[in-house]
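These notes concern the structure reproduced below.
What you see below is based on every heavy atom in this structure, not just the backbone, and it leaves out hydrogens, waters and symmetry mates.
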Amino acid sequence: MDSPKKRQARNRRSDDAGAKDKLELRAECGRHHPDIVSNWIDDEAGKLEDKLTEIVIGLAIVSERESRRWQAEMAEWRRKREEEEAEARRKAKEKAEREERERIAAEEKARRDGLLTEAENWRSAGLIREYVEARRASEAAQAPEFENWARWALKEADRMDPLINVRSRPDIEDV
């Protein structure tokens, strides 16, 4: 409630000399609803006390419209929130699927790398055995320490060979 003000040019207000003993009641939320009367003033039609029924009805209408406006805003907020949550769930699912694909790809790469290492070890073991046989056929086999060296070299080949050394092979059941 306030004393009414007289509007002047450029929306400036100045006190109305005759309005000092008049009252004005304004429902501020009524500005959202220009089609509803939400401003009452002491005037020629009567004082505010005489307009109580009109004021109560006007406030009830403004209140109802504000309630509906608020409910609509809340429904819109909920809808946006649900969309955001659905989007977040979709992104989380995509991320989980991508991470699972990456995990599977990494496992396959590790298995493939293990297979290549195993094949290289097998080839290296065979190469060592061939080398030992070649040295046996050469004059180097005549040296007294050759047999010790040959036993050591063949043990190394056996240790590397995945066909002989079962501990170096991954389980076939993991495939």
>> Would you say L154 ends up clustered with L127 if hydrophobic residues are merged whenever their side chains have heavy atoms under 4.5 Å apart, either directly or through other cluster members?
In response: no
So that I can tick it off, tell me whether [Y] and [X] are bridged by a salt bridge, with the cut-off set at under 4.0 angstrom between side-chain N and carboxylate O.
X: K91; Y: E94; value: no
X: E83; Y: R79; value: yes
X: R90; Y: E85; value: no
X: R103; Y: E107; value: yes

Would you check if [X] and [Y] make a side-chain contact, meaning some heavy-atom pair closer than 4.5 Å?
X: R135; Y: W149; result: yes
X: K109; Y: R112; result: yes
X: E156; Y: W152; result: yes
X: N165; Y: M160; result: no
X: R129; Y: D161; result: yes
X: E54; Y: K51; result: yes

> Taking everything shown except R136 itself, do over 12 heavy atoms lie less than 6.0 Å from its CZ?
Replying inline: yes
Is a side-chain N or O of [X] found less than 3.5 angstrom from the main chain of [Y], in a donor-acceptor match?
X: S67; Y: S63; value: no
X: D42; Y: L48; value: yes
X: K93; Y: A88; value: no

> Can you tell me how far CD of E49 sits from CD1 of I55, rounded to the nearest 0.5 angstrom?
Replying inline: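 One finds 8.5 Å between CD1 of I55 and CD of E49.
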>> Could you check whether R65 makes a cation-pi contact with W70, meaning its NZ or CZ is under 6.0 Å from the centre of the six-membered ring and within 45° of the ring axis?
In response: no
> Can you list the steps and then say if K95 with E102 is a salt bridge (Lys or Arg N to Asp or Glu O under 4.0 Å)?
Replying inline: CA-CA 10 Å; K95 180 181 177 189; E102 290 170 356; over 6 Å; no
